[in-house]
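Heavy atoms only: backbone and side chains are in, while hydrogens, waters and symmetry mates are out.
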Amino acid sequence: MEASDTPAPNPKVEAVIANISQLMAEAELMLNESTSQHAEDQIHLLRDRCENLRTHLAACCTSAGRALAEGAHQTDRVIRAHPYHALGLGLGAGLALGLLLVRRPR
């Protein structure tokens, strides 16, 4: 092959190679620099996110506790308003559950 037989370099390929070379140089520079400041920034960011998550979770737990307490109070009011209906319903549910659990396949 002669020198004239080699294809001309593609400008897009040259640009990609230049970008890769620049990224490699930046990566080496980042590795050579002190990473403690970068790690410290990331730790602060993670702590802030964890604190926000903890606050949100506490609010959700409080809200769920209130909803559960309200549901228990509502159930108590219904049972006190209709005690015999509640007793019959409880006995029926217990009987049905007992029959399902005791029933053996043949």
Nearest 0.5 Å, please: how far is [atom2] in [Y] from [atom1] in [X]?
X	Y	atom1	atom2	answer
T75	E70	OG1	CD	9.5 Å
L53	D48	CG	CG	12.5 Å
R54	C61	CZ	SG	11.0 Å
R47	N52	CZ	CG	14.5 Å
H73	L68	NE2	CG	9.5 Å

Could you check if a side-chain atom of M24 sits within less than 4.5 angstrom of a side-chain atom of I20, using non-hydrogen atoms only? yes
Between R77 and R80, does the side chain to side chain contact (heavy atoms under 4.5 Å, CB included) criterion hold? Intermediate values first, please. CA-CA 5 Å; R77 283 191 291 266; R80 289 182 189 272; 5.9 Å; no
Do S63 side-chain atoms and A59 backbone N/O form a donor-acceptor pair below 3.5 Å? no
